[in-house]
Amino acid sequence: MTSMPENIFVGRDADQYDARSTEMFDPKIVNPTVDFLAELAEGGSALEFAIGTGRIALPLSQRGIPVYGIDISEDMVAQLRAKAGAENIGVTIGDIATTKVDGRFRLVYLVFNTIANLTTQDEQVACFQNAAAHLEPGGCFVIEVVLPELRRLPPGDTVRAFTVTPTHLGFDEYDVATQRLVSHHYWMAGGKVENHSSPHRYVWPAELDLMARLAGMTLRERWAWWDRAPFTSDSGTHVSVWEKPVEPMAGSSG
């Protein structure tokens, strides 16, 4: 039985989300992301899993793509609702592994490492099955996620710094036996330090491909980033696209 994913963005962590993630709102990041997704939507509708404060949903909607969203955090969605254009986006509160919405979509997408917020394999498998259930035949499911930096860990070490700036320190604490990690963030502002820690389950591309197959989808393309740079053994992230076939795959549960 799939457990309910944890809501880790409540209160101040939701209120400060945009301010703490300013680099992710840079047009150099947002525009290629939206270009990629708008092309896949092909004039159809899109469903964003973990829509959050609307970093991608709002500009995608402004391209003329009908966008709907699911998010477990009412506080994050409240931040979205305060922004211009949010009135054009419908949102259902719930977890991305099991929550259903009406209709079928040309595109379902999950960005910024959020698949790892589902901290069990069962939850991640259920997420793929949920995506497939919402896709129209021929539609695509897109995930953007980092690769775990295990190769950079010295033997015996479990902690890897991923951000070190004057205002933000970030460390991932790995448990390779359970395929889990905890991301620790520390922000410095106004002489004060704020911290936030969140649990994650890291996952490899091949495992994601198997989850897609279990949901009746197949890999269509994989890139190192939204600009379609080639994915190689040196890539630190990947953007992967799985397609739901027009005819159901034999033995699938999608």
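Only this structure's heavy atoms are used, side chains among them; waters, hydrogens and symmetry mates stay out. The first residue of the sequence shown is numbered 1, and numbering continues consecutively from there.
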Can you sort out the partners of Arg180 under side chain to side chain contact (heavy atoms under 4.5 Å, CB included), two or more places apart, ordered by chain and number? Thr119, Thr120, Thr178, Arg201
Excluding sequence neighbours, so at least two apart, what forms side chain to side chain contact (heavy atoms under 4.5 Å, CB included) with Pro205? Leu147, Arg222, Phe231, His238
Heavy-atom count check: over 12 atoms from other residues, nucleotides or ligands less than 6.0 Å from Arg81 CZ? yes
Tell me, please, which residues at least two apart from Glu42 pass salt bridge (Lys or Arg N to Asp or Glu O under 4.0 Å). Arg106
If the condition is salt bridge (Lys or Arg N to Asp or Glu O under 4.0 Å), which residues does Glu87 pass it with, not counting sequence neighbours? none
Would you tell me whether Thr114 and Asn117 have side-chain atoms, one donor and one acceptor, within less than 3.5 Å of each other? no
With distance as the sole criterion, is a donor-acceptor pair present between the side chains of Asp209 and Trp242 under 3.5 Å? yes
Gap separating the CD atom of Glu243 from the CG atom of Leu219, nearest 0.5 angstrom: 10.0 Å
Qualifying residues under ring pair (Phe, Tyr, Trp, His ring centres under 6.0 Å), relative to Phe112, sequence neighbours excluded: none
Counterpart residues, side chain to side chain contact (heavy atoms under 4.5 Å, CB included), relative to Leu210 (two or more places apart): none
Those residues that, when tested against Asp175, pass salt bridge (Lys or Arg N to Asp or Glu O under 4.0 Å) (two or more places apart): none
Within residues 133-156 or reaching into it, pairs that qualify as ring-ring contact (aromatic ring centres under 6.0 Å, His included) - sequence neighbours excluded: Phe128-Phe141
Using a 6.0 Å cut-off, check whether atom CG of Asp102 has over 12 heavy atoms from anything other than its own residue. no
Euclidean distance, Ile143 CD1 relative to Asn113 CG, rounded to 0.5 Å: 10.5 Å
Would you mind reporting whether Glu194 and Arg20 have side-chain heavy atoms less than 4.5 Å apart? yes
Quick one: CG on Leu80 to CG on Asp75, what's the gap to the nearest 0.5 Å? 12.5 Å
Inter-residue atom distance Met188.CE - Thr165.OG1, 0.5 Å rounding: 6.0 Å
Over all heavy atoms of both residues, which pair between Ala46 and Ile65 is shortest? Give the atoms and the distance, please. CB-CG2, 4.0 Å
Will you find, in the side chains of Tyr109 and Glu48, an N or O donor that is under 3.5 Å from an N or O acceptor? yes
Does a side chain donor of either His185 or Ser183 reach within less than 3.5 Å of an acceptor in the other side chain? no
More than 12 non-hydrogen atoms from neighbouring residues, nucleotides or ligands closer than 6.0 Å to NZ on Lys192, yes or no? no
To the nearest 0.5 Å, how far apart are OG in Ser21 and CD1 in Ile29? 10.5 Å
With clusters built from Ile, Leu, Val, Met, Phe, Trp and Tyr whose side-chain heavy atoms come within less than 4.5 Å, directly or transitively, what are the remaining members of the cluster of Phe25, listed by chain and number? none
Show me the side-chain donor-acceptor pairs of residues 154-163 shorter than 3.5 Å, one per line, residues at least two apart or across chains.
from, atom 1, to, atom 2, distance (Å)
Arg160, NE, Glu149, OE1, 3.2

Please check if the number of heavy atoms outside Glu136 that lie under 6.0 Å from its CD is greater than 12. yes
In terms of side-chain heavy atoms, does Asp18 have a donor or acceptor partner in Thr53 at a distance below 3.5 Å? yes
Under 4.5 Å side-chain linkage, directly or through intermediates, the cluster mates of Val146: none
CG of Leu169 to OG1 of Thr167: how many Å apart, nearest 0.5 Å? 8.5 Å
Answer yes if the side chains of Gln121 and Gln179 hold a donor-acceptor pair under 3.5 Å, and no otherwise. no
Not counting sequence neighbours, which residues clear side chain to side chain contact (heavy atoms under 4.5 Å, CB included) with Glu221? List them please. Phe36, Leu40, Trp223, Arg228, Val241
